[in-house]
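Notes follow the structure.
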Amino acid sequence: MAGRRSVRDRLRQDLRPRGGLPEAFQRSQPLKVGGRNVAWLPPLLLLVGIALLDVNTSGRFRIISWLVLVPVIAAAICGVLGTVAFAGLSLLTYGAVDTKWPHPYQNGLPDFILVVVGSGLAALACSVRLRAERRMLHIRDVAETTRRTVLRPMPPGWGGLDHAAVYLAADSEARVGGDFYDIQPGRHGTRLLLGDVQGKGLAAVEAAAALLGTFREAAFHEPALDTVAARLGVRMRRHNRYRVALGRDDGDRFATGVLVAFPEDTPTTVEVVNFGHEPPLVITPDGVRSLPPEHGLPLGMDELVSTPPPVIRVPLAPGETLLLVTDGVTEARDAAGEFFPLREAVTKALARDPRTADPQRLVRFVRDGTLEHCGGRLADDTTIFAVRRRAGDGSRAWP
């Protein structure tokens, strides 16, 4: 797939404990060494080298007209003023060096015109390059704003939870896709949501943003988790109808997901609603267990059944970590076509080091293992999300 990164590049992807997103796109910087701008150095060295070589060659092999390359190189790495300065310097150098040769060996006016024309075109090309860079930076800023809207930064300990997450887009240029997740503290405890919208592209991002907006409001206000789940289902259906009304009917979209509540009155249990998603894993220093596989249909398909998805109450002791992933992890294949054995891999890692149950260590391990297993060629967007109650935090998630 175009835009995919190598394993090494993806392993450099940040592990975010959700204290804030890093700068996803770095603005283009001039060539620097030791913090100093040295973009002027390559064209200057080229200019001096051409002049010295021309002076020290025979009259039958003149290379002074190669000075046309100096503003061309400057146009690629310098600004417009720098390019114009090197263009002028090239013309002055041409005149100074060429006139030192006897008249029969001078290149004269034709090559001088070549350097003039080349310098003008180089300055024009530099202006076009900088304009394109500014446009690209603006587009990247818009993409980063969209990313922060869907995958908003969360401070450490948000909602009374220790948490860590990593998101890897299958298309590295897109930076955001149909995977989504969030933690929302509220009047009735902390809730979290992780999901995956069917399909890719901007339509999937639009659906993810719609679901997250509903989740953030419903999770804060609604006392019952089944009510939050019902509102998410309604939101997905409304979104599909809205797209049809706009004439963008590319088929009803649906989203798998897991909705989890951390009740304040029962600190050793969690409530879970599963919308056709892979069941979360509970990670302890002693091993791994899966949450019950009971689940409802994906969001957007719940009208096909008459009963809502069940709310399952399961034990989650202090210190146990909940691991939620999207199918970018569970469906990652190696060269032989084998799926990534997530549960087995985590179990072995815990046997080697029980500290792997820590959310940040756990997310880092699963990320690295997934990328190594598939050779860095992710077939789908990949989200890894780990949370656990903060030790010794007896405060309410919301005042």
Fill in: Pair Arg129-Glu133, salt bridge (charged side-chain N to carboxylate O under 4.0 Å, His left out): steps then yes or no
CA-CA 6 Å; Arg129 173 181 67 85; Glu133 285 185 356; 3.0 Å; yes
Practice prompt. Under 4.5 Å between side-chain heavy atoms, chaining through other members, with only Ile, Leu, Val, Met, Phe, Trp and Tyr counted: pull out the rest of the cluster around Leu130, sorted by chain and number.
Written response: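 In the cluster with Leu130 are Val80, Val84.
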Worksheet item: Where do Arg333 and Glu338 land on the salt bridge (charged side-chain N to carboxylate O under 4.0 Å, His left out) test, with the steps shown first?
Response: CA-CA 5 Å; Arg333 296 175 182 262; Glu338 297 293 331; over 6 Å; no
Without hydrogens or angle criteria, can the side chains of [X] and [Y] be said to hold a donor-acceptor pair below 3.5 Å?
{"X": "Thr266", "Y": "Thr269", "result": "yes"}
{"X": "Arg62", "Y": "Thr57", "result": "no"}
{"X": "Thr256", "Y": "Asp196", "result": "no"}

Whether the side chain of [X] engages the backbone of [Y] through a donor-acceptor N/O pair (distance < 3.5 Å, no angle test) should be reported.
{"X": "Thr190", "Y": "Pro185", "result": "no"}
{"X": "His188", "Y": "His221", "result": "yes"}
{"X": "Tyr94", "Y": "Gly108", "result": "yes"}
{"X": "Trp40", "Y": "Gly82", "result": "no"}
{"X": "Thr284", "Y": "Asp286", "result": "yes"}
{"X": "Asp111", "Y": "Leu114", "result": "no"}
{"X": "Glu222", "Y": "Val228", "result": "no"}

Discussion item. Counting C-beta onward and ignoring hydrogens, is there a side-chain heavy-atom pair between Arg191 and Phe215 closer than 4.5 Å?
Written reply: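 When only atoms from C-beta onward are counted, Phe215 and Arg191 do touch, with a gap below 4.5 Å.
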Worksheet entry | Side-chain heavy-atom pair Pro359, Val387 within 4.5 angstrom cut-off |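 No, too far: nothing below the 4.5 Å cut-off.
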Shortest non-hydrogen contact between [X] and [Y], atoms and distance:
{"X": "Pro263", "Y": "Val270", "result": "CD-CA, 4.2 Å"}
{"X": "Glu264", "Y": "Pro267", "result": "O-CD, 4.2 Å"}
{"X": "Leu259", "Y": "Ala229", "result": "CD2-N, 3.8 Å"}
{"X": "Pro341", "Y": "His373", "result": "CD-CE1, 4.1 Å"}

Discussion item. Between Arg289 and Glu320, is the salt bridge (charged side-chain N to carboxylate O under 4.0 Å, His left out) condition met? List the steps.
Written reply: CA-CA 11 Å; Arg289 70 178 188 272; Glu320 295 184 335; 3.1 Å; yes
Discussion item. Does Glu217, at its CD atom, have more than 12 non-hydrogen atoms belonging to other residues, nucleotides or ligands within less than 6.0 Å?
Written reply: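 No, the 6.0 Å shell around CD holds no more than 12 heavy atoms from other groups.
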Item to complete: Indicate, with yes or no, if Leu121 and Leu81 share a hydrophobic cluster defined by side-chain heavy-atom contacts under 4.5 Å among Ile, Leu, Val, Met, Phe, Trp and Tyr.
Response: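 Cluster IDs for Leu81 and Leu121 differ.
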Worksheet item: Is the shortest side-chain N to carboxylate O distance from Asp358 to Arg388 below 4.0 Å?
Response: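 Yes, Asp358 and Arg388 are salt-bridged.
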Item to complete: Go through the steps to decide whether Phe180 and Leu194 satisfy the test side-chain contact (heavy atoms from CB on, under 4.5 Å), and finish with yes or no.
Response: CA-CA 6 Å; Phe180 57 92; Leu194 175 139; over 6 Å; no
Discussion item. Go through it in stages, so that I can follow the logic: the residues are Thr214 and Leu211, the test is side-chain contact (heavy atoms from CB on, under 4.5 Å), and I'd like the CA-CA distance, side-chain angles, deciding distance and then a yes or no.
Written reply: CA-CA 5 Å; Thr214 296; Leu211 288 171; 5.9 Å; no
Enumerate donor-acceptor pairs with a distance under 3.5 Å from any side-chain N or O in residues 65-75 to protein atoms, sequence neighbours excluded.
none

